[in-house]
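Heads up, the thing below is written out as structure tokens.
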Amino acid sequence: MSEAGLLTLVQWLSPAFPVGGYAYSHGLEAAIASGQVRTAADLEGWIATILTEGSGRNDAILLAEALKPGADLPALAALAEALAASRERLVETQEQGRSLLATTNALTGDDHPPMPYPVALGAAAAPLGLPIAQVLALYLHAFASNLVQAGVRFIPLGQTEGQRALAGLHPVIQRAAREAAVAGLNGLGGGALRSDLAAMQHETMDVRIFRT
């Protein structure tokens, strides 16, 4: 394992990297507004379901496939777009993927075209030579951390409550990463229906803080 590669991936997944993840709530804003998520425990459970049964799991599987040698990136990109459960989910993954690659291309000299976020990260990170499960765990941790911070701002919660919720998700993240690393495309699917519905409902909210 390359220590330099690990540090590079941590940089790319940092909130400081210009992907704009802080602007997206992945439908969580609508869930909070409707009263489905009121507490830190609600938030932790909501995110855990996304990681194990919803879009988080699917994105991790797509990332795993994109990291493999000889990956058919255009086909994976098309599949990622087809799996988006709402217009905003599609916009979210497209815009974050575009932003990621605009910066990583400039840093590495690569010339990857825009792709949905998990596929874009796989394309950029494949040369780093990191274990797939480790890449997935760091990706899912960044994803969960972003949603926790959205909850901290909008529920609202104290920062300590938010960090406690994120720490509680660590075993879920580790398990989800291990499973997604070996699931293959046949493992794609979804059961996080409330999350998908919340993403659709967000599109019709009159007042909102987040883009999705």
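For this chain, numbers begin at 1 and follow the sequence in order. In this text the structure is predicted, and so the values were computed from the model without any measurement.
- Atom CG of N58 sits about 5.0 Å away from atom CG of L188, to the nearest 0.5 Å.
- Residues E161 and T39 have side chains not in contact (no heavy-atom distance under 4.5 Å, counting atoms from C-beta outward).
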- [ ] Could you please spell out the steps behind the side-chain contact (heavy atoms from CB on, under 4.5 Å) verdict for L100 and F17?
- [x] CA-CA 8 Å; L100 175 82; F17 205 72; 3.8 Å; yes
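- The shortest heavy-atom contact between A40 and A165 is O-CB, 4.2 Å.
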Task: Verdict with supporting geometry, T104 and D110, side-chain contact (heavy atoms from CB on, under 4.5 Å) - done: CA-CA 8 Å; T104 58; D110 288 329; over 6 Å; no
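- No single ILVMFWY cluster, assembled from side-chain heavy atoms under 4.5 Å apart, contains both V119 and L128.
- The closest donor-acceptor contact from the side chain of S14 to the backbone of V10 lies at 3.5 Å or more, if one exists at all.
- N146 places a side-chain N or O within donor-acceptor distance of the main-chain N or O of G21, the cut-off being under 3.5 Å.
- The line from CG of L79 to CG of L83 is 4.5 Å long, rounded to the nearest 0.5 Å.
- A donor-acceptor pair is defined here as one N or O able to donate and one able to accept, closer than 3.5 Å; such a pair exists between the side chain of T49 and the backbone of G45.
- Cluster membership for I50 and L28, using ILVMFWY side-chain heavy atoms within less than 4.5 angstrom, is shared.
- Counting heavy atoms from C-beta outward, E92 and R211 have side chains that stay 4.5 Å or more apart.
- L43 and Y24 are assigned to two separate hydrophobic clusters, defined by single-linkage of ILVMFWY side chains at heavy-atom distances under 4.5 Å.
- If you take CG on L101 and OH on Y117, they are separated by 10.0 Å, rounding to the nearest 0.5 Å.
- Residue A71 comes nearest to L76 through the heavy atom pair CB-CD1, 4.3 Å, listed as atom of the first residue, atom of the second, then distance.
- Although no hydrogens or angles enter the test, the distance criterion places a donor-acceptor pair under 3.5 Å between the side chain of T8 and the main chain of A4.
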- [ ] Start with the C-alpha gap between T160 and R164, add the side-chain angles, then the distance that decides, and say whether side-chain contact (heavy atoms from CB on, under 4.5 Å) holds.
- [x] CA-CA 6 Å; T160 300; R164 187 176 291 116; 3.7 Å; yes
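- L6 and L130 get closest at one heavy-atom pair: N-CD2, 3.8 Å.
- Using the six-membered ring where Trp is involved, F154 and F210 have ring planes that are perpendicular, over 60° apart on the 30 and 60° scheme.
- Going from atom CD1 of I32 over to atom CG of L157 covers 8.0 Å, rounded to the nearest 0.5 Å.
- Taking 4.5 Å as the limit, some side-chain heavy atom of T93 sits within range of a side-chain heavy atom of P118.
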- [ ] Could you please spell out the steps behind the side-chain contact (heavy atoms from CB on, under 4.5 Å) verdict for L147 and W46?
- [x] CA-CA 10 Å; L147 292 187; W46 184 271; 5.5 Å; no
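- Separation of atoms OG1 (T212) and CG (L90) is listed at 11.5 Å; rounding is to 0.5 Å.
- Of the possible polar contacts, one joining the E203 side chain to the R87 backbone as a donor-acceptor pair under 3.5 Å is found.
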Open item on the list: The test is salt bridge (Lys or Arg N to Asp or Glu O under 4.0 Å); show your working for E65 and K68 and say whether it passes.
Closed with: CA-CA 5 Å; E65 295 302 307; K68 295 177 180 177; 2.8 Å; yes
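- Expressed to the nearest 0.5 Å, how far NE2 of H141 lies from CG of L13 amounts to 10.5 Å.
- A donor-acceptor contact shorter than 3.5 Å is absent between the side chain of R57 and the backbone of E179.
- In terms of modelled atom types and a separation under 3.5 Å, the side chain of E29 and the main chain of H202 share no donor-acceptor contact.
- Checked options H26, E53, R89; the residue passing with S195 is R89 (criterion: side-chain hydrogen bond (donor to acceptor under 3.5 Å, both in side chains)).
- A continuous path of Ile, Leu, Val, Met, Phe, Trp and Tyr side chains, each step under 4.5 Å between heavy atoms, connects L121 with L140, placing both in one hydrophobic cluster.
- Side-chain contact check for E88 and S86: no donor-acceptor pair (N or O, by modelled atom type) lies under 3.5 Å.
- Without hydrogens or angle criteria, T204 side chain to Q201 main chain gives a donor-acceptor distance under 3.5 Å.
- Under the 4.5 Å side-chain heavy-atom criterion for Ile, Leu, Val, Met, Phe, Trp and Tyr, L136 and I47 are members of the same hydrophobic cluster.
- Nearest heavy-atom pair across L51 and A144 is CD1-CB, 4.4 Å.
- For the pair Q149/Q159, a side-chain contact is recorded, criterion being any heavy-atom separation below 4.5 Å from C-beta on.
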